[in-house]
Amino acid sequence: QKEVEQDPGPLSVPEGAIVSLNCTYSNSAFQYFMWYRQYSRKGPELLMYTYSSGNKEDGRFTAQVDKSSKYISLFIRDSQPSDSATYLCAMRAGGFKTIFGAGTRLFVKA
Amino acid sequence: DAGVIQSPRHEVTEMGQEVTLRCKPISGHDYLFWYRQTMMRGLELLIYFNNNVPIDDSGMPEDRFSAKMPNASFSTLKIQPSEPRDSAVYFCASRSGKALTNEKLFFGSGTQLSVL
């Protein structure tokens with residue numbers, strides 16, 4: 001079993017829809033949770049970061065962490081075609097070893 | 001800052017050949033990571049360095065893979081001999097360890113490796 005599980009999709013939604021992306025994990029030591037966005041032929045870029053459980057909002061993006069369920073989510077409101085990308089969850093424990101999910105490919109149709 | 005710089009951008013080689021991938025991290029970053037990305041396995045951590053010292057190489061698939069960091073501004077990932085199953089995009093990333101609240105890994109543009 002992988003430490004981090006993420007549905008690879010693809011996920012296709014119409015413009016303006018609310019998008020929900022999720023990951024589950026098995027290592028209870030993970031404390032730092034991130035979402036990266038990766039456009040085609042580019043390296044991943046950090047989108048959101050959350051420490052421990054709770055919610056964090058940044059514009060149209062909301063990240064949620066539920067450590068009791070070992071479940072993290074990213075919500076995108078009013079999705080735009082420019083949001084079309086691969087979204088990777090990532091997490092780490094106390095050290096610097098960051099583990100990534102497989103990534104979910106998102107397509108937002110105009 | 002130019003960001004993390006990787007070379008070459010693309011590499012096509014034949015099975016059995018030696019391949020060397022190069023990375024220049026962002027100046028001042030003391031952590032450097034090598035990742036491999038494939039459709040089947042996603043983004044896998046191969047090895048990471050702190051202050052030029054390898055800290056965790058448990059993700060290196062086998063002895064054919066080796067990585068070095070001779071100084072703070074340069075790292076290599078070598079595959080010898082290469083095999084078709086090594087075909088993937090290899091990413092280098094760096095970060096500063098000074099600010100634990102700053103989680104940002106800075107990735108290079110990757111090297112697309114094709115082993116025929």
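No hydrogens, no waters, no symmetry mates; every other heavy atom, side chains included, goes into these values.
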Seminar exercise, completed: Residue pairs passing the disulfide bond (SG atoms under 2.5 Å apart) test with at least one member in residues 35-101 of chain A, sequence neighbours excluded, are A:C23-A:C89
Exercise. Within residues 33-65 of chain B, which positions have a heavy-atom distance to chain A below 4.5 Å?
Worked result: B:F33, B:Y35, B:Q37, B:M40, B:R41, B:G42, B:L43, B:L45, B:Y48, B:D56, B:S58
Going only through I, L, V, M, F, W and Y residues with side-chain contacts under 4.5 Å, is there a path from [X] to [Y]?
X     : Y     : answer
A:F75 : A:I72 : no
A:L47 : A:Y25 : yes
A:L74 : A:Y71 : no

Exercise. Is it the side chain or the backbone of A:Q38 that comes within 4.5 Å of chain B heavy atoms, both, or neither?
Worked result: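 Side chain only.
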Problem set entry | Proximal component of A:K42, with respect to chain B [non-hydrogen, under 4.5 Å] | backbone
For this session: Evaluate whether atom CD of B:Q80 has more than 12 neighbouring non-hydrogen atoms of other residues, nucleotides or ligands under 6.0 angstrom away.
Result: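 Yes, CD of B:Q80 has more than 12 neighbouring heavy atoms, counting only those of other groups under 6.0 Å.
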Problem set entry | Over 12 foreign heavy atoms within 6.0 Å of NZ, B:K68 |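 Counting neighbours around NZ of B:K68, 12 or fewer heavy atoms of other residues, nucleotides or ligands fall under 6.0 Å, so no.
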Would you mind writing out the side-chain donor-acceptor pairs for residues 99-110 of chain A within the sub-3.5 Å range, not counting sequence neighbours?
residue : atom : partner : partner atom : Å
A:T104  : OG1  : A:Q6    : NE2          : 3.3
A:T104  : OG1  : A:D7    : O            : 2.5

Can you list, pair by pair, the side-chain donor-acceptor contacts under 3.5 Å of residues 109-116 of chain B, counting residues two or more places apart and other chains?
residue : atom : partner : partner atom : Å
B:T111  : OG1  : B:P8    : O            : 2.6

For this session: Apply side chain to side chain contact (heavy atoms under 4.5 Å, CB included) to the pair A:L46 and B:F106, showing each step before the final yes or no.
Result: CA-CA 8 Å; A:L46 182 66; B:F106 292 79; over 6 Å; no
Exercise. With respect to chain B, which residue among A:L88, A:T98, A:T86 yields the maximal number of heavy-atom pairs within a distance under 4.5 Å?
Worked result: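 So the answer, after comparing A:L88, A:T98, A:T86, is A:T98.
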